[in-house]
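Comments concern the structure below.
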There are 2 protein chains.
Amino acid sequence: MDLRRLRYFVAVAEARSIGKAAERLRMAQPPLSVQIRKLEAEIGAPLFLRGTRGMDLTEAGQALLARASEALALAADGAEAARAVASGRRGRLSVGYMFVLANAMLPRLIPELRRAIPGVDLGFAELSASTREARLLDRSVTVALCMPAINHPEIQVARIGAQPFMLVMPKSSPLARLSSVPMARLQGRPLIALPHPDHGPASSAVVALLRRHQVVMPIASRVETVHSAMSLVLAGEGFAILPACAQLGAPRGIVFRPLREATDSIDIAVCWRRDSQSPLIKTFLKCAEKAVARL
Amino acid sequence: MDLRRLRYFVAVAEARSIGKAAERLRMAQPPLSVQIRKLEAEIGAPLFLRGTRGMDLTEAGQALLARASEALALAADGAEAARAVASGRRGRLSVGYMFVLANAMLPRLIPELRRAIPGVDLGFAELSASTREARLLDRSVTVALCMPAINHPEIQVARIGAQPFMLVMPKSSPLARLSSVPMARLQGRPLIALPHPDHGPASSAVVALLRRHQVVMPIASRVETVHSAMSLVLAGEGFAILPACAQLGAPRGIVFRPLREATDSIDIAVCWRRDSQSPLIKTFLKCAEKAVARL
DNA sequence: GCCAACCCATACGTTTTCGGTATGCCAATG
DNA sequence: CATTGGCATACCGAAAACGTATGGGTTGGC
């Protein structure tokens, strides 16, 4: 069963004549006649009634016609779908992001993506750093928004922006009156720490920052998420040092202040599998850069 | 876009290897490799990722696979459907019948047909004689049950039975006491006549019957349908002469009696277009003969 | 660290199939 | 009775597909 035969068959059925169909197919009449007879031999039954004024479908021919047109359309659609996926016009883009970036980036990023790749089925998942890495490696997410970037030989990284660290405290704190806080003023104050690079964006970078300025902050609590860090800050348990973009998700009663001498910042990066063939990645990168530019 | 290529593509996608797929397809590995590359060239994008352990679908390949398998199934199904229709295992059989045969035949005929050709979509339409002929000619019914047969050069006829004429009268009529009625006793009695061969089974045959026995019955009413003839009989307007099978549709209060000397009968026939190619006709004929045999 | 095994790609000759041209057959038409 | 329109058949050249032989790259074992 050859798709060409079916195409010929449909053409003849529509034209109700071999000659007319041959003209539309840009071929001579005899080979088309042969192909139709071969199809009939393959089916084992006549598909047309040869009248003196052309060809009419038999009932068997009508039964075949319905399926044949559908099969043709499906094959054409399949080819087009494959081309669309390959070119990035369609497909699926699954994005892993982190909590602290959600409020700052997604409201700008999502409309940007929908405009750039309207046919693409978008998926978003808030994932911890270690989960983002695992899901990138097993290909269940296509790209990840990370802060800082994932460091892994299989994973490629593009830096799209950076966030300065800020001191996070309750509104009632005396330091909240300052428009920016000198590093020295942190000395001895309790720190709400995110304990492990896998569970927060700031931890090791914050340790490095404090050490460089020779400031010691006793660790008051270790928490798993930025969200609970802010809750503890609000409860007066201590201070946190977080990327500036975390402000957007902060509850009322919490203030962010720049650290005066700290020029440190933490990179925002897009990460993806080095061997990923998805053409959507570069589009995503452009959209993410735009979304970050207006942060 | 060739169906063979799609078949090869699906085989390779399922086997995740060109070599394995070639084995399943009973062909050598190199030509299959060539066909896959030709398909990729036709699509304009790679469909597989060539790894060292075989082939993996790209996303474009996955998009194609879904449609390709469906298209293959549809083409195969189309061929099978055409064969089924040609052989009479499936298809549509539309039957035109007449009112007087409905009660006598359909209860036996329909179950017979459903058993013989379970995959066939049956249609029944009660049609007047002229309509039956027209619908046969324009092919909107496949076969017709007629009494008597249609006479037309394009229409073929098979006699499947016959019905004797009977006298139809109210229960209260004096003639109802006889178990059979001599023709002579009809002399001068009012006749409810079906006026035209197109609108009833009996009219011209009844006229011939009466003339042969030299009986004159004045025409009391002319009616269009057997049903209304029986209504008038019940109302005492006169007598009717109808085929025996009309008994089954008769209201209470009406009796049928044989006509003693009348050996006349009217044929029950199956009629169909001479050029109809439907293999269902001979099956229908067998079923109709069975249904008539037990009348 | 080299060799064997595995798997896909390429090359080339053979065979099948397809399409074009020429022509025949049949029926309807005037 | 000849002409026209439409499909079928015959034959030939061209294209495509298949098989065999072979190359190249990677993995895994000795």
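Being a predicted model, the structure only gives us computed values, none of them experimental. Chain letters run A, B, ... following the sequence lines, proteins first, then strands; residues in each count from 1.
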In whole Å, what is the span from the CG atom of B:Asp2 to the C1' atom of D:dA16?
-> 10 Å
Mind checking the CD-CD1 spacing from A:Glu133 to A:Ile150? Nearest 0.5 Å is all I need.
-> 5.0 Å
Residue pair B:Ile36/A:Met27 against DNA chain C: nearer the 5' end by closest nucleotide is B:Ile36
Expected list for residues 39-58 of chain A near DNA chain C, using heavy atoms below 4.0 Å, is A:Thr52
Write down the atom of B:Ile268, the atom of B:Met105, and the distance for their closest heavy-atom approach.
-> CG2-SD, 4.3 Å
What integer distance in Å separates B:Leu32:CG from C:dA9:P?
-> 10 Å
Atom CG in B:Leu3, atom CG in B:Leu72: separation rounded to 0.5 Å?
-> 5.0 Å
Atom pair distance, as rounded to whole Å: CZ in B:Arg4 and C1' in D:dA15 = 12 Å
B:Arg4/A:Asp2 ion pair, N-O < 4.0 Å | no
Nearest-Å distance for atom pair CD/P, residues B:Gln29 and C:dT10 = 11 Å
Using the test salt bridge (Lys or Arg N to Asp or Glu O under 4.0 Å), find all partners of B:Glu14 that sit at least two apart in sequence or belong to another chain.
-> B:Arg24
Has B:Gln35 got a side-chain N or O lying under 4.0 Å from the OP1 or OP2 atom of D:dA17?
-> yes
State whether B:Arg5 and B:Glu42 are salt-bridged, where the test is any N-O pair (Lys NZ or Arg NE/NH1/NH2 against Asp/Glu carboxylate O) under 4.0 Å.
-> yes
State which of D:dG19, D:dT9, C:dG19 makes the closest approach to the side chain of A:Tyr8.
-> C:dG19
Look at atom CZ of A:Arg92 and say whether more than 12 heavy atoms of other residues, nucleotides or ligands are closer to it than 6.0 Å.
-> yes
Polar side-chain atom of A:Ser276 near backbone of A:Trp272 as donor-acceptor pair, under 3.5 Å | no
Respond yes when some side-chain nitrogen or oxygen of B:Arg37 is under 4.0 Å from OP1 or OP2 of C:dC8, and no when none is.
-> no
Taking only the side-chain nitrogens and oxygens of B:Lys38, find out if one of them lies under 4.0 Å from OP1 or OP2 of D:dA17.
-> yes
Taking all heavy atoms of A:Ala149 and all of A:Cys146, pick out the closest pair and write down the distance.
-> CA-CB, 4.1 Å
Among C:dT10, D:dT20, C:dT21, the one nearest A:Pro30 by side-chain distance = C:dT21
For B:Leu3 and D:dA17, what is the distance between atoms CG and P respectively, to the nearest whole Å?
-> 13 Å
List in numerical order all residues of residues 11-24 of chain A for which some heavy atom is under 4.0 Å away from an atom belonging to DNA chain D.
-> A:Ser17, A:Ile18, A:Gly19, A:Lys20
